[in-house]
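Order of the sequence lines fixes the chain letters, A, B, ..., with proteins taken first and strands second; residue numbering starts at 1 for each chain.
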Amino acid sequence: MLIATWNVNSLKVRLPQVLDWLGKHSPDALCLQELKLEDAKFPLAEVQAAGYFAAFSGQKTYNGVAILSREPAVNVVCGIPGFEDEQRRVISADVGGVRLVCAYVPNGQSVDSDKYQYKLRWFAAFSAWLERELAAHSRLAVLGDYNIAPEDRDVHDPKAWEGQILVSGPERDALRRLIEFGFKDSFRLFEQPEKSFSWWDYRMNGFKRNLGLRIDHILLAPALAANCVSCSVDVEPRRNERPSDHAPVIAEISA
DNA sequence: ATGGCTTGAGTGTCAAGA
C-alpha cells in the first residue's frame, strides 16, 4: 500500500500536477493540504476521472485538506473532535484497512505572535487526540504538513534557523511527544541522503540551492512502521513550472 | 536590506505562507 502527503498550495493551481502525479505513482491514498478552496469548488469530477475517490474539508482562501483514495474513504471525521476551530486543517478516514489522518499544522508566523500560541494550542489538542486514536487504531498513519523540522539535520542552515518558527524548542517538543506515544517518523526508518527536505522557499532560488526544511511527515503507528518498506521525498514536482513550494512524501506499507 | 516569491482577494495592494 502506497500512502502519500502533499501540501499543494492551492489545488486550483496545482490540479494538473496532482493528476499527473497520481497517474505516475498510483498511490492508494494521497493526503492534500492547503487546498485554498471551498468545498463547492472542489474538483471532484476531475479527481474521479483519474480513478480516485475524495473526502475533503475546505474553506475559502486558506487551509483545506483532502484524502484522495483508490477505495472509498469511510468513517470520515473532519477536524479534531472537541477542539473548536474554524480553520479546516484535519480530515481522517479509513482507507484499505488503515486509519489515515491528514493534517495541516498551523504555521505559527513567528515565535512572538498570537499565531504561534495558536499553533502550540492546536498541536496540544492534536496530540491528545492522536494519543487516543493510537489506542483505538493499531493501523494508524498521520500524514501531513507538520510545519515542524524535527532535528537540525532537517534544516539547511540550523544556525540561521535556531529558535525560529518551525524549529523552536516548544514546537520540536510537541512533535517529539508523538514519537513518545510510539509513532515512528517513517522517513527516518531508512537510510536517506544528506540534506533531504520537503519544502523550499519560493524566494532566492531556494530550491535550486537546496535551502530547504523537512517539515512534511508520515508518522506511523508501531504496527504499520513494522511493515513500512520505504519512505522518500519526491522532489520531481518541485521542478515543475508553477510548483508548490512543498514536495510530496510517499511511504510504502507491505501487507 | 525584516527584503526576496506565490496565492487569493479583487482591481489597490495587502495578508499569509514558511
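One C1' atom belongs to B:dG3, the other to B:dA16, and the distance between them is 16 Å to the nearest Å. Distance check on atom P: B:dA18 versus B:dT6 gives 15 Å, rounded to whole Å. Here, B:dT2 and B:dA15 have their C1' atoms 16 Å apart, quoted to the whole Å. Of the P atoms belonging to B:dT7 and B:dG12, the separation is 22 Å, rounded to the nearest Å. A gap of 30 Å separates the C1' atoms of B:dG10 and B:dA1, to the nearest Å.
For the pair A:Leu35 and A:Met204, nearest-nucleotide mapping onto DNA chain B gives the more 5' position to A:Met204. Comparing A:Arg14 and A:Asp145 against DNA chain B, the residue whose closest nucleotide sits nearer the 5' end is A:Arg14.
Salt-bridge annotation for A:Arg214 and A:Asp185: present, with a side-chain N of the basic residue lying under 4.0 Å from a carboxylate O of the acidic one. The pair A:Asp145-A:Arg89 fails the salt-bridge criterion, with no side-chain N (NZ, NE, NH1 or NH2) lying under 4.0 Å from an Asp/Glu carboxylate O. Between A:Asp154 and A:Arg188 there is a salt bridge, since at least one side-chain N of the basic residue sits less than 4.0 Å from a carboxylate O of the acidic one.
Among the protein residues, A:Asn7 comes within range of the sugar-phosphate backbone only, with heavy atoms under 4.0 Å from sugar or phosphate atoms but none that close to a base. Nucleic acid contact class of A:Leu166 (heavy atoms, under 4.0 Å, all strands): sugar-phosphate only. A:Tyr146 comes within 4.0 angstrom of nothing in the nucleic acid, heavy atoms only. As judged by a 4.0 angstrom heavy-atom cut-off over every strand, A:Glu34 is placed among residues touching the sugar-phosphate backbone only.
Between A:Phe42 and A:Phe56, the ring planes are parallel. Angles under 30° get that label, and only those over 60° would be called perpendicular.
Using modelled atom types, one side-chain atom of A:Ser186 and one backbone atom of A:Ile218 make a donor-acceptor pair closer than 3.5 Å.
A:Asp216 meets the salt bridge (charged side-chain N to carboxylate O under 4.0 Å, His left out) test with no other residue; sequence neighbours excluded. A:Ser127 meets the side chain to side chain contact (heavy atoms under 4.5 Å, CB included) test with A:Phe123, A:Arg177, A:Leu178, A:Phe181; sequence neighbours excluded.
For DNA chain B, the outermost nucleotides in 5' to 3' order that have an atom under 4.0 Å from a heavy atom of chain A are B:dG4 to B:dA18.
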